[in-house]
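As structure tokens, the structure follows; a few thoughts come after it.
Bear in mind that the values here come from a model prediction, so they are computed numbers and not experimental data.
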Amino acid sequence: MSQDSQHGKWTISDSEDEDNIIPPTTTLSPKRNEDNHSVKEPSAPSMGSEARKVAHVNQTIPVKYESNPSPSVKRKRETEEAGWNLSSSDDETPPPAPKKEPKKSDVNPKKKKTEDKRPPSPHGTSYYKEEPADFFETNLLSMNDMYRFYLNKVTGIPKKFNTGALHIKDILSPMFGTLKESVQFNYCFDIPWMVEQYPPEFRDKPVVLVHGEKRESKARLIEQAKPYPHIRFCQAKLDIAFGTHHTKMMLLWYEEGFRVIILTSNLIRADWYQKTQGMWMSPLYPRLPEGSPETAGESPTNFKSDLLEYLEAYRAPELAECIDRIKQHDLSETRVYLIGSTPGRYQGPAMEKWGHLRLRKLLSEHTKPVQNEERWHVLGQFSSIGSMGLDKTKWLAAEFQRTLTTLGKAGKSLVHLNKLVYPSVENVRTSLEGYPAGGSLPYSIQTAQKQLWLHSYFHGWHADVTGRSNAMPHIKTYMRVSPDFTQLAWFLVTSANLSKAAWGALEKNSTQIMVRSYELGVLYLPSAFNMSTFPVEKNVFPASSSSKGFPVPFDLPPQHYSSKEQPWIWNIPYTQAPDTHGNVWVPS
């Protein structure tokens, strides 16, 4: 069974999980720098799936666009695009790369002295535009601490769109506290790069990395950390197939107290420069007075006990000290709700602890129906898509829609989830990164061709309001918006993409929910801010400490794909037009 499209014939695969599809690697000769010396590619960071590792290869070895390719190249591309047949076997060995005789200049080339420690970019020096001297924050005056929701800084956009945004170096700087120790929960790590992001005075402070790596990839991660004796590890248990440790959180311990950051960025270089990412940064939590009861320091949103319950779900001795320390701090200033996913099959009251049923419970208990509720939109925005089933009734328009349309304890909603924001091929092609941005948007052909019904839901990525229309999203957000797109009933920023693995799926006649992955996000509800709704901020940047509007990271209303637009699919070739760096995308 196959499906014809503008990309050629889509051939069906048996795989159910897009993170386990392995696109073929690109085979190319080494790049050259200005002096015609071989350039060593940056080593792939430790990643949570084989597919991401292969994507890294595709990102770092681009193929140049040719308006008049040679006959042999043209024939190769025509073959690729006429029938893009991906094998369902992961064991097939790719054909060997063509050998190239080294030129004389390749032999014992004279080493060029360089001060730039950043690995060479696949696109030359303009890819990671160097941070301007005034890129980093020097004070907190421009920070809006009402919502404590911040976007990451982006290089290559006007300065005003970074005023009040944060880079990882800002987060770890003394501006926010005198760091003593940190715990980093994440999916992908580049340890040498991560260490460099800490300021020199904090660079040897103890760090615990919480990860989901196993076997060879775990060994590679441990090998990366060998030069850094201050780094220890905690391996998250992943007992259900296809699950990942996708949570992204920092626990930062200071002389002055403690802080939590829940974010959407991996701890790798590419996630912090030209992508749209977001985070919630907690207030500085002070220590409780000695002898305070265990229940002290709780917030109206129950954040402290929910965070402790999430950490205890790891069943990890390495986190025991961290749990005890949190108990000794005052988290009462927190105004957001924690929404986590942890792997397992849950029944009874435990069903409402994790995933989308946790979101449903909070929306039921802490929101109220609004006037003309049936006209309020439900929006989902994400960077990856799992298998939804043969039609919308299997999960998306059933249990997941019921969760996202919940407002108070009213009965069944008439609202439909029909606005999904996900980058089109054209969004990716014209982005700051060009086609390599698609390496972080892993929607596979195997998944896409089984759910063509989903594509009518898609809206493109447009973010003029934050200056980030060309910074492809790795952020994930979900929200309920008024008919005129000026008010929010709630807003969620999370690591959870549009997948059953992340959000959970009901089983056994809805008496059990099964969740595969670790995820974490925060939910903003107006009631926690003594408001009935959140006004949508029209002027997000430059950020203002006095603003009461909520900084939605993309343009509202979202724009439906045009008749010519297609969702970005990462493991098929795009050779008809070059990207912003003159490259095409050929996973051959």
Please report the interatomic distance [atom1]([X]) to [atom2]([Y]), rounded to the nearest 0.5 Å.
X: Leu488; Y: Leu556; atom1: CG; atom2: CG; value: 7.5 Å
X: Ile261; Y: Arg259; atom1: CD1; atom2: CZ; value: 6.0 Å
X: Leu390; Y: Leu452; atom1: CG; atom2: CG; value: 11.0 Å
X: Lys153; Y: Arg468; atom1: NZ; atom2: CZ; value: 8.5 Å
X: Lys500; Y: Lys394; atom1: NZ; atom2: NZ; value: 9.5 Å
X: Asn162; Y: Asn152; atom1: CG; atom2: CG; value: 9.5 Å

_Working for side-chain contact (heavy atoms from CB on, under 4.5 Å), residues Ile171 and Met281_ = CA-CA 9 Å; Ile171 298 167; Met281 175 184 279; 4.2 Å; yes
Side-chain donor/acceptor of [X] to backbone N/O of [Y], under 3.5 Å:
X: Glu565; Y: Val425; answer: no
X: Trp376; Y: Gln371; answer: yes
X: Arg429; Y: Pro578; answer: yes
X: Thr244; Y: Ser517; answer: no
X: Arg402; Y: Arg360; answer: no
X: Ser265; Y: Trp272; answer: no
X: Asp464; Y: Gly467; answer: no
X: Asp555; Y: Val465; answer: yes
X: Glu537; Y: Asn539; answer: yes
X: Thr367; Y: Gly408; answer: yes

[X]-[Y] aromatic ring centre distance below 6.0 Å:
X: Phe303; Y: Trp280; result: yes
X: Trp568; Y: Trp461; result: no
X: Phe550; Y: Tyr524; result: yes
X: Phe491; Y: Tyr147; result: no
X: Tyr457; Y: Tyr422; result: no
X: Trp490; Y: Tyr337; result: no
X: His455; Y: Tyr561; result: no

*Verify the neighbour count for atom NZ of Lys392: are there more than 12 heavy atoms of other residues, nucleotides or ligands below 6.0 Å?*
no
Determine whether the side chains of [X] and [Y] contain a donor N or O and an acceptor N or O closer than 3.5 Å.
X: Ser495; Y: Tyr187; value: no
X: Glu298; Y: Ser305; value: yes
X: Gln446; Y: Asn571; value: yes
X: Ser383; Y: Lys476; value: yes
X: Asn497; Y: Ser499; value: no

[Y] and [X], any side-chain heavy atoms less than 4.5 Å apart:
X: Thr247; Y: Tyr310; result: yes
X: Val493; Y: Val522; result: yes
X: Leu417; Y: Leu396; result: yes
X: Val260; Y: Tyr285; result: yes
X: Phe529; Y: Lys548; result: no
X: Ile475; Y: Pro553; result: yes
X: Gln401; Y: His416; result: yes
X: Leu359; Y: Tyr478; result: no

*Verdict with reasoning, His245 to Val210, per side-chain contact (heavy atoms from CB on, under 4.5 Å)*: CA-CA 9 Å; His245 183 259; Val210 184; 3.9 Å; yes
_Between Glu433 and Lys275, does any side-chain N to carboxylate O distance fall below 4.0 Å?_
yes
*Look at Lys248 together with Asp271 and state whether they make a salt bridge at an N to O cut-off of under 4.0 Å.*
no
_side-chain contact (heavy atoms from CB on, under 4.5 Å), that's the test. Do Val428 and Leu441 meet it? Break it down for me._
CA-CA 9 Å; Val428 173; Leu441 299 164; 3.7 Å; yes
*Go through Leu523 and Leu362 one step at a time and tell me if the side-chain contact (heavy atoms from CB on, under 4.5 Å) criterion holds.*
CA-CA 9 Å; Leu523 174 67; Leu362 291 173; 4.0 Å; yes
*Could you tell me how the ring of Phe485 sits relative to the ring of His377: parallel (under 30°), tilted (30 to 60°) or perpendicular (over 60°)?*
parallel
_On a heavy-atom basis, which atom in Asn266 and which in His474 lie closest, and how many Å separate them?_
ND2-CE1, 3.5 Å
